[in-house]
Each structure stands twice: as structure tokens, then as C-alpha cells.
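Order of the sequence lines fixes the chain letters, A, B, ..., with proteins taken first and strands second; residue numbering starts at 1 for each chain. Heavy-atom basis, side chains included; hydrogens, waters and symmetry copies ignored.
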There are 2 protein chains.
Amino acid sequence: MLNYSTSEENYIKAIYRLQGSDGTVSTNALANALRTKPASVTDMMKKLKAKKLLHYQPYQGFRLSQEGSRVALGIIRRHRLWEFFLAEKLRFSWDEVHEVAEELEHVSNKKLIDKLDEFLGFPRVDPHGDPIPDASGRIEINKRICLTELPLLQVAIVSNVKDQSSPILELLEHMKIRIGTKLEVKKRFGFDESMEIKIGRLPAVLISKQLAENIFVKYEG
Amino acid sequence: MLNYSTSEENYIKAIYRLQGSDGTVSTNALANALRTKPASVTDMMKKLKAKKLLHYQPYQGFRLSQEGSRVALGIIRRHRLWEFFLAEKLRFSWDEVHEVAEELEHVSNKKLIDKLDEFLGFPRVDPHGDPIPDASGRIEINKRICLTELPLLQVAIVSNVKDQSSPILELLEHMKIRIGTKLEVKKRFGFDESMEIKIGRLPAVLISKQLAENIFVKYEG
DNA sequence: ATTTATTTTTAGATCTGTCTAAATTTATTT
DNA sequence: AAATAAATTTAGACAGATCTAAAAATAAAT
């Protein structure tokens with residue numbers, strides 16, 4: 001279990017996010033994601049290659065090695081557990097947790113993280129609905145779909161709103177639907193394609209087809 | 001509210017601890033405390049002086065400025081709040097919390113720390129019995145005395161054990177007295193100078209003069 | 001298949017934090 | 001008070017992480 005610098009961890013995390021399940025990542029794409037310069041990326045890629053965290057041939061892009069992925073999942077685990085802690089215990093709102101977790105995630109004491117996990121009750125998803133890797137690095141894949149497609153009684157988390165105009169935000173605000181809100185669809189009505197949804201322990205409410213089409217959710221599956 | 005590097009913070013914290021209420025700190029003493037070299041200390045002192053965090057004339061030692069003390073108290077606040085969190089919420093033992101808190105203390109988001117403080121119920125002392133500065137940097141002064149001197153009914157925290165031999169540790173273990181244990185003296189008996197103490201909500205127990213003489217405690221006053 | 005444009009890498013510089021070795025200042029001894 | 005010892009500072013070097021500007025490799029366009 002080696003230790004990596006904050007900078008190295010930020011590169012690893014960004015590569016993990018950019019490469020998806022198969023692809024390779026380009027120097028420019030990574031420089032852009034990290035708001036740094038391509039020359040700095042090349043320098044770091046040499047270092048991470050020497051540490052066997054990624055596969056890299058000059059000019060050919062790069063992707064994480066097995067070990068690199070393992071490290072990335074560790075960082076993501078720490079990040080998401082802290083996000084959960086901040087939202088659930090310290091009552092931060094969903095849009096504040098990310099920035100703070102970016103700092104906390106670099107404290108890499110395994111016992112701390114495993115005890116935090118236990119304290120939080122082994123949560124499966126963070127406040128944005130993204131899955132939290134377990135202590136051995138296993139992670140569930142996330143389904144992201146439109147609320148109109150969500151199976152009945154499947155608990156999901158609001159992850160995105162298509163149309164960000166103020167009329168829709170006003171309505172969402174009124175219905176207490178925010179990014180990070182947990183909900184499930186209780187019933188659908190064929191007549192106007194409206195649906196009844198339940199948010200936490202609040203009484204179920206009815207939302208229109210038009211609104212549902214703009215809400216995207218994530219759930220484990 | 002400027003931000004300081006982990007390294008700068010470690011120097012500031014060490015100076016605060018070494019200088020006590022009045023004195024100045026020497027280059028060697030600080031190098032020794034930080035397990036670094038005197039030359040490195042001199043370099044850093046120049047930097048911290050330029051940032052107006054301390055008073056420093058070459059060869060004359062240094063002490064924190066008002067601003068430097070303010071920064072030091074912020075770091076100590078973060079450190080002790082995390083220690084409290086680790087002990088109270090994550091069930092770390094008293095001797096494990098320090099090391100982890102050394103890392104967490106450098107995450108310097110004010111809102112995080114103030115919300116953590118609130119979540120923990122605004123604790124006044126950390127698991128070692130040291131006082132926690134409040135959000136505006138106020139700190140209570142700690143009295144450290146032998147258990148034989150502790151006023152009746154004054155709640156205090158075990159901070160030290162004079163004789164670390166195994167017979168005394170066996171006895172302390174049996175009585176569930178550890179560093180960090182909260183206790184108070186209920187009654188003293190003149191005959192053999194034994195005393196009845198209460199630990200948390202456990203039934204009061206009797207301890208001998210010899211044992212009490214080896215236990216040192218801290219309390220706010 | 002050249003030429004042009006884009007992407008990526010190299011070369012050389014800077015900043016932070018650290019070090020060793022030498023020089024300097026202060027403290028202590030004789 | 002001069003000599004010696006101890007503490008402190010300076011000078012110069014190095015590693016990590018970044019940058020700019022120039023060179024090299026790859027991709028796209030004519």
C-alpha cells in the first residue's frame with residue numbers, strides 16, 4: 001500500500017473518470033480536465049508510468065493499469081464517503097459537498113476510511129447518486145435514465161435536470177426536488193402520462209409528463 | 001483569511017507549542033521538534049516573517065505575532081475537533097487519534113470545521129483533555145494536577161500516568177482508567193487517604209493513595 | 001503525397017521545501 | 001580577553017510540480 005501525492009492522486013482520479021470502461025485518454029483532454037498544461041501532463045505521465053500505475057507510449061495516450069485502477073477506486077471511495085458524511089451528518093447541501101470532499105479525499109488512512117464507512121452505515125451511493133466502492137474496491141455500476149423510464153418502486157437519486165431555465169427550477173424548488181433527492185415512482189397514469197412520486201417520507205405527489213422528461217436519475221442495478 | 005501550506009502550518013503549530021505563554025523559540029529547538037534541520041528552520045522563518053506570522057531577528061529566536069497565534073489556534077481547533085470526532089464517533093482509541101488528526105487538521109475549510117463543531121455538540125476538550133478553541137479562537141486554560149489535588153466533584157480527564165510499569169498498568173486496566181478517561185472525585189477518606197471516584201455513569205469505585213499519586217488529570221478552570 | 005494544422009514531447013526556467021557543508025555570530029571557558 | 005564550543009545563518013544543490021517556448025510526431029486537408 002504505497003502512498004501517492006495529492007497531485008498524483010488528482011491525475012489518477014481524472015484519468016479514471018475520462019477513460020470510461022475501455023478507452024484511452026489524451027494529453028490534451030487530461031490537461032483540460034485538470035486545468036493544467038499539456039507539458040505538465042506529459043511530465044506526470046512519465047512518473048506514473050515509472051510507478052506502474054498506467055500504460056503509456058509517447059504520443060499514444062494512456063490508460064490506468066490494474067494497480068492504477070485500484071488506486072483510483074480507493075480515492076473515489078474516500079471522496080464519496082466524505083460527501084455522504086458532509087451531506088448526511090454535517091447537513092451540507094448537495095452542491096457544497098464536492099469541493100470539501102476534494103480536500104478530505106487525500107487523507108489516506110485506511111482505518112479512518114473503513115471506520116467512517118461503518119459509522120455511516122455502509123452507504124451504497126453518495127449524495128449525487130454515484131456508487132461508493134466498498135473496502136475491497138468493488139463498485140456497482142450505475143444506471144442513469146430519465147425519470148419517465150424508472151421502474152415502479154425503484155428508489156433512485158436525482159442526478160441532473162435537462163432544462164435549467166428558471167420556470168422549471170421554480171417548479172422543482174416548490175416540489176422540493178433537487179439534485180441528490182431520493183425518490184421512487186409509485187404509479188403512472190396512462191391518460192396524461194403523469195406519475196405519482198414519493199420523496200423520502202413525505203406524502204406522494206403528482207408530477208406531469210413534461211416535468212418528468214426533464215429529470216434524470218441514477219440507481220444501482 | 002489566507003491559506004497556508006501543510007508545511008507552514010506544521011511550523012506554526014510547533015512554535016505555538018514550544019513558546020508557551022511568553023518565551024521565544026530557538027532554531028535548534030524547533031528543528032528538533034519537527035525532526036528537520038536547523039537550516040530548513042531558518043529558511044522557513046524568513047518566509048513566515050515575510051508573511052508577518054512571527055517576529056524574528058537573526059540569531060535572536062522567534063515568537064508568533066498576533067496573526068501567527070490566531071493561525072495556530074485555528075490549526076489546534078481543527079486538530080482537536082477531529083480528535084474528538086475520531087474518538088467519539090468513529091471509536092478510535094485515545095492513542096490512535098493524534099496521528100490521523102495530524103492529517104485532517106490541514107483541511108482548512110471554515111464552514112466544514114464550524115459544522116463539525118456543531119455536529120459534535122461544541123465539545124470543550126479533546127480526548128486527551130486539552131481544550132478546544134472556539135470558532136473565534138478563544139481557548140480556556142487547562143489546569144494539570146495530580147489526582148490527589150483534584151477538587152471534589154470537579155470533572156477532569158486523565159492525561160498522564162507517572163509510573164508506566166506493568167503492575168500499575170494492570171491495575172489501571174482493571175479499573176478501566178485510561179488516558180482520556182473522564183472522572184471526578186466523590187469523596188476522600190482521611191484514614192488512608194484513599195478516595196472514591198466516579199467514571200462516567202459507572203458506579204463509584206475506591207482507589208488507593210498510591211494509585212492516585214500516579215494519575216495526573218486536566219480540567220478547565 | 002505534400003503541405004498544413006494539431007497534438008504531444010522536450011528543453012530549460014521557476015517556486016517550494018528540503019538538505020549538506022561552510023561561514024558567521026553568539027555563548028562559554030579558560 | 002582570547003580561545004574554544006555551540007548555535008545559527010548563508011551558499012549552493014536537489015526533488016517535486018509546474019510553466020513557456022521550441023521541436024518533433026501525428027493527423028487532417030488540399
Side-chain angles (χ1 to χ4, degrees), chain A residues 2-16 18-20 23-64 68 71-72 75 102-103 105-108, chain B residues 2-16 18-20 23-64 68 71-72 75 102-103 105-108:
Chain A
L2 290 173
N3 253 324
Y4 301 101
S5 72
T6 296
S7 196
E8 289 171 328
E9 289 193 344
N10 284 334
Y11 275 92
I12 292 166
K13 197 176 42 148
I15 296 169
Y16 184 90
L18 289 173
Q19 75 181 11
T24 79
V25 179
S26 77
T27 304
N28 266 356
L30 187 51
N32 197 51
L34 290 168
R35 292 227 199 81
T36 182
K37 296 291 178 287
S40 310
V41 171
T42 301
D43 288 347
M44 184 59 90
M45 292 309 98
K46 287 183 192 161
K47 233 173 50 177
L48 296 183
K49 184 186 182 179
K51 294 188 180 186
K52 296 193 192 301
L53 293 173
L54 48 78
H55 303 293
Y56 164 54
Q57 291 301 86
Y59 297 100
Q60 305 303 302
F62 25 81
R63 61 176 207 285
L64 295 176
V71 172
I75 302 164
E102 286 282 299
E103 295 197 60
E105 74 188 6
H106 300 297
V107 176
S108 67
Chain B
L2 289 174
N3 252 325
Y4 302 102
S5 71
T6 296
S7 197
E8 288 171 330
E9 289 192 345
N10 285 334
Y11 276 92
I12 293 166
K13 196 176 41 149
I15 295 169
Y16 184 91
L18 289 173
Q19 77 181 7
T24 78
V25 179
S26 75
T27 303
N28 264 358
L30 187 51
N32 196 50
L34 290 168
R35 293 225 199 84
T36 182
K37 296 293 178 286
S40 309
V41 171
T42 301
D43 289 346
M44 184 60 91
M45 292 309 97
K46 286 184 193 162
K47 233 174 50 178
L48 296 183
K49 184 187 182 178
K51 294 188 181 186
K52 298 192 190 303
L53 293 172
L54 47 78
H55 304 292
Y56 164 55
Q57 292 300 86
Y59 298 100
Q60 305 303 303
F62 25 83
R63 61 175 206 286
L64 294 177
V71 173
I75 302 164
E102 285 282 300
E103 294 196 58
E105 74 188 6
H106 300 296
V107 176
S108 66

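Across A:Lys13, A:His106, A:Lys51, a single residue satisfies side-chain hydrogen bond (donor to acceptor under 3.5 Å, both in side chains) together with A:Glu8, and that is A:Lys51.
The minimum heavy-atom distance between B:Arg63 and B:Leu54, with the atom names listed, is O-CB, 3.2 Å. Among all heavy-atom pairs drawn from A:Lys49 and A:Tyr56, the shortest one is NZ-O, 3.0 Å. When all heavy atoms of B:Thr27 and B:Pro38 are compared, the pair lying nearest together is CG2-O, 3.6 Å.
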>> Could you spell out the base pairing of DNA chain D as a dot-bracket line? Use Watson-Crick and G-U wobble contacts where both distances are under 3.5 Å, [ ] for crossing pairs, | for partners on a different strand.
In response: ||||||||||||||||||||||||||||||
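Residue A:Thr42 places its side chain closer to C:dT9 than to any other of D:dT26, C:dT9, D:dT18. Considering only the side chain of A:Asn28, C:dT7 comes nearest among C:dT7, C:dA11, C:dT18. Side chain of B:Tyr11, nearest nucleotide from C:dT26, C:dT9, C:dT18: C:dT18. The side chain of A:Ala39 lies closest to D:dC19 when the candidates are D:dT8, C:dT18, D:dC19.
Regarding A:Asp43, its CG atom lies at a distance of 15 Å from the C1' atom of C:dC15, rounded to whole Å.
Under 4.0 angstrom from either OP1 or OP2 of C:dT6 there lies no side-chain N or O belonging to A:Tyr59. For B:Ser7 and C:dT16, the shortest distance from a side-chain N or O to OP1 or OP2 is not below 4.0 Å. Between B:Thr27 and the phosphate of D:dT9, there is a side-chain N or O to OP1/OP2 separation shorter than 4.0 Å. Phosphate proximity of C:dT9 to A:Lys46: absent, as no side-chain N or O sits under 4.0 Å from OP1 or OP2. Considering only side-chain N and O atoms, A:Ser40 lies under 4.0 angstrom from the phosphate OP1 or OP2 of D:dC19.
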